Amino acid sequence: MESCHPYFPVQHSILDENALAVWARTRYGLKDPVCCRFLRQSMSDVYRVDTGDAVYILKVYAHHRHTKSAIEAEINFLN
């Protein structure tokens, strides 16, 4: 079966913890130092993000696996 994509398809990958820490610090304005640690892989990947003054949980959803409304419903439930 020939792929219509110019790249090799990936079913799942784990993001680099250091790069994700830099992204989260910039995106969310987190206080240094920021450390990101992979916790588990499931329908979404879960990371623990430790900062200079707080601890957060960061979920990374697979592209096209969940609808926006499903993600929003999960966030509302968690809040």
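Predicted model only: the values in this text are computed from it and were never measured.
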*Asks:* With sequence neighbours left out, what residues match Asp32 under side-chain contact (heavy atoms from CB on, under 4.5 Å)?
*Replies:*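 Only Arg25, Val34 meet the side-chain contact (heavy atoms from CB on, under 4.5 Å) criterion with Asp32.
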
*Asks:* State the CG-CD1 distance between Leu39 and Ile57, to the nearest 0.5 angstrom.
*Replies:*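 If we round to the nearest 0.5 Å, Leu39:CG and Ile57:CD1 are 5.5 Å apart.
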
*Asks:* Please list, chain by chain and in numerical order, all residues satisfying salt bridge (charged side-chain N to carboxylate O under 4.0 Å, His left out) with Asp16, sequence neighbours excluded.
*Replies:* none

*Asks:* Should Phe38 and Val46 be counted in the same cluster of Ile, Leu, Val, Met, Phe, Trp and Tyr side chains packed under 4.5 Å apart?
*Replies:* no

*Asks:* Enter the distance from Trp23:CH2 to Leu30:CG here, rounded to the nearest 0.5 Å.
*Replies:*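 Reported value, rounded in 0.5 Å steps: 9.5 Å.
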
*Asks:* Under 4.5 Å between side-chain heavy atoms, hopping through other hydrophobics if needed: is there a path connecting Leu58 to Ile14?
*Replies:* yes

*Asks:* How would you list all residue pairs meeting side-chain hydrogen bond (donor to acceptor under 3.5 Å, both in side chains) that involve residues 45-62, not counting sequence neighbours?
*Replies:* His12-Asp45, Ser44-Lys59, Arg48-Asp50, Thr51-Asp53, Lys59-Glu74, Tyr61-Glu74

